[in-house]
Amino acid sequence: MESGVLKPTSEEDLHGTDFADGQAIQATVGMDGLTSDDMEELTQEAEGDERKRRRRLLALLIFLLLLLLAFSSLFCRYLQQPTPLPEIILPSTVHYPPHYLFSIYGVDKPVGVTLSPEGDRLYVAETGGERMIRIFDTEGAPIAMFAPPRTRPGERSPVYLETDKDGRIFVTDRLQHAIYIFGSDGSYLDMLISPDLSLSSYVDDRVGGLLLGSTYVYNIFQDNVYYQPFGQEETTLPAPDKMIKWAPLGLHIDEENNLFVTDVTEGKNRVLEFSLPDEPILVSWEGIQLLQSDFGKSGQSRGQFLFPNDVAADSQGRIYISDGNNGRISVWDKDKNFLFNFSGGTAEGALSLPRGIFIDHLDRLFVVDAVGQDVKVYDVSGQEPAFLYAFGDWGIDDGLFNYPNDIVVAKDGLLYIVDRENNRIQVWSY
Amino acid sequence: MKKFLLLLVLAFALALGTASLVSANGGPHGGYTATTDACAGCHRAHTAPGPRLLLADSTYDLCVTCHGSAGAGANTNVDDGFYLSSRDDAPGGADGNVGAANTPDNAPLLGGGFQNYQGAPVTSVHDANGTTAAAWGNGVDRGVTADLTEGNLSCASCHDPHGSPNYRILKETINGNAVNVAQVDEGAAKDYDTEQWGAGMSSVCAACHDAYHVTTSGSGSDSTYLATGGYAHAVDMNYSYGGTNTNPELGWTDEFGNGPNYLPLAESGVNDRVVCSTCHMSHGTAAAATGFADGAYDPPFGTVGPIPSGDSALLRLDNRGVCEVCHQK
């Protein structure tokens, strides 16, 4: 073995059953002495082996055929009676950032976004170009667009939007100092022109009762209210005066149909709360009530705001306000008592310029940081908010932001984020 | 005792001066402390996408995040040329922080707007979004690009976001030239639709358009033929229509019925000095410019670059209304 040459050392080695070369040698030697009987026996053995092989092949084919039949049967059954995939419920303790899917274009300097109650329509407010409110489906196909009536682009500035449970769209307008109310298709319904006055209420008082189907429009830059009773000529009414000053910016409608509005009147920053009428009243909005005069003040101390932008509420009823120029989130209890601020300063999860916010069904708070160029996410299910992660960065490529301003999260987990200077809505997914 | 009183008075004056400076440079634009967090609002130390460590590649985009038409962070909306919301002057406010409003809601800014002015699209504008447009009257030629220290024209070409002793945080040096614009006292609340600038207001414009900054009386008629090749209307002179300095200008009523309006003169309280901003708006204007007044009309010196039809040369009033206010021909 030391020489490296393999040699047989015994008869067993030469004819061993596990020595293949040995077997071949033995068979060759045997072939020279075979009789015809031997040959016939060998032939019969070979035929027997062939039959066995064919039977096995046949059994395999039958098995595959049965399998195919079974799958076909299941497929036909699914086609006749499709069953949705079981809902995968992720444990709330598992947190991971979403990923970018695609972008919706066809908007000019968008700043606000919201969804219809069914989640099938996206409403976007833009501050560039014609300054329209545009409707898209959730895949980004444009459906329609509309704007505050009787205004030029330079006389309107729609910013934040929200839909109520009936699908009506509430839009704040910074130049008009008003909240417009539209139907789900964009048809104009009414305006809140002051914390204690809707346009329909004003007209109703002036004309002694509104007729169904009447139209009424007000433009703050003009001196008249335009009123057209149904089927009659348009007339003008004097503009309302002695209204309570306000500057509505952000809004939120909670599950109980209460409307929260941030007011950025100089020196008087605050949040107003209204109760909306339960019925989709089209003619008169007298049911709108100011529940509590306001909460919060202007300033940098606890319970004070500098340009409060947006409002959201968690499952405990706590109210969150993005305190824009103070760079933090202000938290209040359901009775409007100030609780605490968080995410100021420079630690992980600190905010630079928080704008639009949203809380989803898992009590995740999404905060759009306009100059941080990202979205920061916090778990607010416990007593104290916990920073989870941030996603996004500055840029113009897919998945990068150039001054994001608002966010809405759909029930299916898709996130729609306004990307202002990139003129698009980014869609992300978990 | 006298020395003590003198020191007390000086200390009080210093305190007042400091408070005034903070007030004029509020928000993120000054009044910084040693532990300020304001820097992080606009800058990143190691991962800034824009020059000067800015969180932006465009200064304009950064500024309009607060000062744009959404008004999400400021009431001075430079896109539309409006001051959006003034103080609530009703008594009994929730926080007691009320008082007479110096500027009403939606008052037009004296500087105009970059997109719209008084609701209409601008017809001429200082394009502050990083353009390299030539500055008319720069140097001795009629159209030379200004040598702005930060490159192309932007908001930061004229304003110092970190605060300045000048009116409306105007920079102390623009295009290498000193700028000195005293801010006239405007009270506790700012006043955005009334001129509160000192006589040095023309030095802002002259920093780039220096050949047009002619202060010699009579330079428009026969005394001086300028090196730029022509005569020029004098500025920085006392207003003297009718031989008086009592501001007898012709007031006009705007399209919304507001008036009488007057062209803004320097040194509010005296109201007697014509400056560049008396006739021109620094941001943009929606004035109509037709016929001979159309900026595209070929002037005798030719044009530098394409001038769009209807260009209104940043004038405050339609066509040459600014001439008629004073000269009333």
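Throughout, a chain's letter reflects where its sequence line sits, starting with A, and its residues are numbered from 1.
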[X] versus chain B, heavy atoms under 4.5 Å apart: side chain, backbone, both or neither?
X         : value
Arg156(A) : neither
Leu249(A) : side chain
Asp369(A) : neither
Ile220(A) : side chain

Fit a plane to each ring of [X] and [Y], take the angle between them on a 0 to 90° scale, and name the class: parallel (under 30°), tilted (30 to 60°) or perpendicular (over 60°).
X         : Y         : result
Tyr192(B) : Tyr83(B)  : parallel
Phe305(A) : Trp332(A) : tilted
Trp246(A) : Phe274(A) : perpendicular

Between [options], which has the largest tally of heavy atom pairs under 4.5 Å with chain A?
options                                 : value
Asp79(B), Val64(B), Asn77(B)            : Val64(B)
Cys66(B), Ser58(B), Ala74(B), Gly68(B)  : Ala74(B)
Asn116(B), Leu62(B), Asp80(B), Asp61(B) : Asp61(B)

Please identify, among Leu351(A), Asn309(A), Asn402(A), the residue contributing the most non-hydrogen atom pairs under 4.5 Å to chain B.
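Heavy-atom pair counts peak at Asn309(A).
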Quick one: which of Val159(A), Leu175(A), Thr172(A) has the most heavy-atom pairs under 4.5 Å with chain B, could you say?
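Winner by heavy-atom pair count: Leu175(A).
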Can you tell me if Asp263(A) uses its side chain to pair, donor with acceptor, with the backbone of Arg270(A) under 3.5 Å?
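Side chain of Asp263(A) to backbone of Arg270(A), a donor-acceptor pair under 3.5 Å: no, none is there.
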Spell out, as yes or no, whether a donor-acceptor pair under 3.5 Å connects the side chain of Arg316(B) to the backbone of Ser277(B).
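Side chain of Arg316(B) to backbone of Ser277(B): a pair is present.
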Heavy atoms under 4.5 Å from chain B: which residues of residues 417-425 of chain A carry them?
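Only Arg420(A), Glu421(A) of residues 417-425 of chain A have a heavy atom under 4.5 Å from chain B.
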May I ask you to say whether Asp374(A) pairs ionically with Arg44(B), meaning some side-chain N is under 4.0 Å from a carboxylate O?
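Salt bridge flag = no for Arg44(B) with Asp374(A).
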Return yes when atom CG of Leu53(B) has more than 12 non-hydrogen atoms of other residues, nucleotides or ligands closer than 6.0 Å, and no otherwise.
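Yes, because the 6.0 Å sphere around CG of Leu53(B) holds more than 12 heavy atoms from other groups.
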Might you point out which heavy atoms bring Gln222(A) and Arg150(A) nearest each other, and give the distance in Å?
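Nearest pair, atom of Gln222(A) first, then Arg150(A): NE2-O, 4.4 Å.
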Sequence neighbours excluded, which residues qualify as side-chain hydrogen bond (donor to acceptor under 3.5 Å, both in side chains) partners of Ser194(A)?
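For Ser194(A), the residues satisfying side-chain hydrogen bond (donor to acceptor under 3.5 Å, both in side chains) (neighbours in sequence not counted) are Asp196(A).
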Going by distance alone, is a donor N or O of one side chain under 3.5 Å from an acceptor N or O of the other, for Arg131(A) and Gln115(B)?
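Distance-only check passes for Arg131(A) and Gln115(B).
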